[in-house]
Amino acid sequence: MSNNNFDKYYVLDTNILLEDANNIFKLSDDNKNLIILPETVLDEIDAKKSGFDEINFQAREFARVLENSTIIFTKSVDDFKIVRLNIENDTTISIDIISKLEYQMVSKTTSQNIVNDRRILEIAQFTTKYYDKNSTFLSMDIMARTRAISLDIRTESLIGSNKEDFVYEFVKTIQINFEDLETIENRDIIELDKDYKVSNFSYCFKVKGSDQVLLASIQNKKIRVLNEDEVRNQIIAPLNKEQLFFSNAIIQHYFNVLIVEAKAGSGKTLLALSGALKLVKNKQYQRIIYIRNSIESLDKGEDVGYLPGLEEKFKIYNHPLMDSIDHIVRSEYKKRRINKSKDEQEIDEQELKTRVEQMMQNYFIETMWVGEMRGRTLSNAFVIIDEAQNMSNKTMQMVLSRIDNSCKVVILGSNKQIDNFYVNKYTNSLTTLLKSTNDDSSLVNIFAIELQKVLRGPVTEWAENIFSNKNK
C-alpha cells in the first residue's frame with residue numbers, strides 16, 4: 001500500500017506495546033491504518049525483554065510478532081530512513097520503522113528516558129510532514145503527550161476520546177412499607193425495586209414512617225438480609241454499612257469474586273484479611289494467598305532495583321499485608337488483656353514478631369509475586385489481589401486464569417493511587433473489572449463495593465480531601 005491508502009497513521013510510544021503487544025493488531029484494524037515505530041521504541045522494548053514482570057513478557061511477545069515480518073521497501077528522506085514491514089498474522093499489518101542518522105543534541109545531564117522521549121517525538125514530528133494525512137502520536141505518558149502538543153503534534157492516549165467515567169451504584173437506598181418486613185427475606189428484588197440493575201449488589205431498605213433500616217445483599221436476584229451479629233463476629237469488626245456489606249460478602253459462600261474500589265485508609269486489606277482468617281479457621285479454605293504487582297513508585301528512591309537480594313526486593317510489596325497482620329495481632333492481644341485485667345499494656349516487639357510468624361504458619365498465609373504465577377494453579381485458597389489499579393488487563397487475566405473454582409477471590413484497588421507507567425485509570429484492570437459489573441455473568445457470582453469512608457485516621461482523611469480536591 002502507498003502512503004495515501006491508509007485511513008490513519010499512528011506513531012506508537014513504547015508504553016503502548018508494553019501495555020499489550022497485541023495493541024499493534026488492534027490499532028492496525030485489518031491494515032486500514034499504518035503503524036509507525038520510531039527506532040527508539042524498538043531499543044526500549046529490546047531492553048525490557050529480560051525479566052519476569054508483565055512488561056517483560058509483553059516485550060518478548062512483541063519480538064515474536066516481529067519475527068513474522070517481511071521487508072517491503074526501504075527509503076531515505078533527508079536524514080531519515082524508513083523501512084516498510086508487513087507482518088502476516090490472521091491479517092496483514094503494515095509497519096514503518098523510522099530511524100535518523102543524527103538526532104538533535106540534548107544536554108549530557110538530561111536523563112535517558114527524556115532523551116528517548118525527545119527522539120521519539122522528533123520522528124513523530126517528521127511524520128506530520130512526510131505522510132499525506134496527519135499522523136497521531138499515541139502514548140500512555142501524559143508528559144510525552146504534553147511535549148507532543150507543544151510541538152504541534154496531534155496526540156491521544158490509547159483510549160482516544162472515550163474517557164467517560166464509569167458511574168456505578170453498588171449500594172442502593174430505597175423505601176419499603178412496614179408490612180414488607182415479614183416477607184422480605186428471599187424475595188425477588190424486582191418486586192421492591194422495578195429499576196434494579198445487576199450492579200446493585202447491596203441495599204439499604206428504609207422503612208417508611210420509622211427510623212428502621214434493613215441491610216441486605218442480592219444473591220441470584222433474591223434479597224438476603226444481613227445477619228449483622230454474624231458479620232461482626234470476627235477479629236476486626238466492620239465499622240460502617242459499606243464495610244458491613246463487604247464483610248458479609250466475604251463470608252457468604254455465594255460470592256466467589258469480590259471487587260473493591262476503596263480510598264486509602266478505608267480498611268480494605270484489613271477487612272479482607274480478617275474475613276479470610278475467619279473462613280480458614282472454619283475450614284472453608286486451606287490457605288490465604290496475597291498477590292500484589294511489583295510496580296515501583298515513580299520516585300527513584302523507592303525503586304526496587306536499589307535493594308539487595310531477590311527476597312528483599314519483593315518483601316517491600318507485602319507491607320500492606322504485614323501491617324494488617326500486625327494490627328490484627330495487636331487487636332487480639334488487647335482484647336485478651338482487657339478480659340483478664342484492666343491493664344492495657346502494649347505487646348512487646350519480640351512477642352509481636354513471634355505471634356505474627358505463628359499466625360502466618362497457622363493460617364497458611366503466603367505471598368506471591370505476579371511474575372512467578374505463570375504455570376501455577378491455585379486451589380482451595382482465599383486469594384487477595386491488591387493494587388489492581390496498577391495491573392494491566394493482561395496481567396489480571398493471567399493472574400485470574402491461575403485460580404480454580406475452589407477459591408474465593410477478593411480484588412482490591414484505588415484509581416486514585418496509580419503508580420504504573422503503562423496503565424491509566426481508563427485502561428487498568430480495576431476499571432475493566434468495575435465496568436464488567438454492568439453485565440450479568442453465568443460463570444461467576446460477582447460482588448462489588450466502594451469504600452469511601454477513611455478510617456485510618458484524621459491525617460489520612462485530611463490528605464484525601466485536599467489532594468483529591470478537583471476544584472483546587
Side-chain angles (χ1 to χ4, degrees), residues 52-54 236 242-243 246-247 249-250 255-277 279-280 285 287-297 302 304 313-328 356 359-360 363-373 376 378 381-403 407-420 422-423 425 428-434 446-452 454-456 460 464:
F52 301 99
D53 281 336
E54 181 63 23
I236 304 297
E242 286 78 18
Q243 287 197 348
F246 177 33
S247 294
I250 288 174
F255 300 111
N256 53 4
V257 176
L258 281 63
I259 307 162
V260 185
E261 159 82 63
K263 282 187 175 181
S266 59
K268 57 186 183 294
T269 308
L270 190 61
L271 283 171
L273 181 59
S274 177
L277 292 171
L279 295 179
V280 172
Y285 299 97
R287 54 181 175 156
I288 300 168
I289 298 175
Y290 178 81
I291 301 168
R292 190 165 181 250
N293 205 17
S294 56
I295 292 293
E296 308 96 323
S297 165
E302 292 181 24
V304 71
K313 286 183 179 183
F314 295 104
K315 186 177 179 181
I316 64 170
Y317 296 112
N318 300 327
H319 283 168
L321 172 69
M322 300 311 298
D323 289 345
S324 296
I325 295 175
D326 182 290
H327 183 86
I328 286 171
V356 165
M359 179 170 282
M360 295 278 289
Y363 288 90
F364 301 98
I365 302 172
E366 58 183 299
T367 61
M368 283 190 184
W369 164 51
V370 168
E372 66 177 318
M373 294 197 65
R376 300 285 300 272
L378 308 185
F382 188 103
V383 181
I384 301 171
I385 303 174
D386 206 355
E387 304 289 345
Q389 78 281 357
N390 282 327
M391 291 189 186
S392 69
N393 291 324
K394 281 287 184 180
T395 300
M396 184 61 75
Q397 180 184 6
M398 184 273 292
V399 172
L400 292 177
S401 68
R402 304 295 99 206
I403 298 168
C407 297
K408 182 187 282 275
V409 186
V410 177
I411 302 163
L412 310 173
S414 170
N415 271 324
K416 293 183 179 178
Q417 301 180 67
I418 299 173
D419 298 317
N420 188 343
Y422 305 102
V423 298
K425 75 174 185 175
N428 70 63
S429 65
L430 176 63
T431 297
T432 301
L433 289 166
L434 290 170
I446 297 173
F447 175 88
I449 190 76
E450 183 180 20
L451 302 181
Q452 288 279 20
V454 176
L455 300 173
R456 184 173 291 156
T460 303
E464 281 283 340

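Positions are given from 1 along the sequence.
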For the side chain of [X] and the backbone of [Y], is there at least one donor-acceptor N/O pair under 3.5 Å apart?
| X | Y | answer |
| --- | --- | --- |
| Ser429 | Ala388 | yes |
| Arg287 | Phe364 | no |
| Lys408 | Ile250 | yes |
| Asn390 | Asp419 | yes |

[X] side, atom [atom1]; [Y] side, atom [atom2] - distance, nearest 0.5 Å:
| X | Y | atom1 | atom2 | value |
| --- | --- | --- | --- | --- |
| Met359 | Leu277 | CE | CG | 5.5 Å |
| Met398 | Thr395 | CE | OG1 | 6.0 Å |
| Thr269 | Ile325 | OG1 | CD1 | 11.0 Å |
| Leu270 | Asp326 | CG | CG | 10.5 Å |
| Ile384 | Leu412 | CD1 | CG | 7.0 Å |
| Ser414 | Glu450 | OG | CD | 9.5 Å |

Step by step, work out the side-chain contact (heavy atoms from CB on, under 4.5 Å) result for Glu242 and Gln452. CA-CA 8 Å; Glu242 286 78 18; Gln452 288 279 20; over 6 Å; no
Any chance you could lay out the side-chain contact (heavy atoms from CB on, under 4.5 Å) test for Val399 and Val383, step after step, and finish with the verdict? CA-CA 10 Å; Val399 172; Val383 181; 5.9 Å; no
Would Tyr290 and Leu273 count as a side-chain contact (heavy atoms from CB on, under 4.5 Å) here? Give the steps. CA-CA 9 Å; Tyr290 178 81; Leu273 181 59; over 6 Å; no
List the steps and the verdict of side-chain contact (heavy atoms from CB on, under 4.5 Å) for Ile236 and His327. CA-CA 9 Å; Ile236 304 297; His327 183 86; 3.7 Å; yes
Closest non-hydrogen atom pair between [X] and [Y], with its separation:
| X | Y | result |
| --- | --- | --- |
| Glu366 | Met368 | OE1-CE, 3.9 Å |
| Ile288 | Ala276 | CD1-CB, 3.7 Å |
| Glu387 | Gln417 | OE1-O, 4.5 Å |
| Leu378 | Cys407 | O-SG, 3.3 Å |
| Gln389 | Gly413 | OE1-CA, 3.2 Å |
| Gln243 | Leu451 | N-CD2, 4.1 Å |

Are Leu258 and Ile411 side-chain neighbours, meaning at least one heavy-atom pair lies under 4.5 Å? no
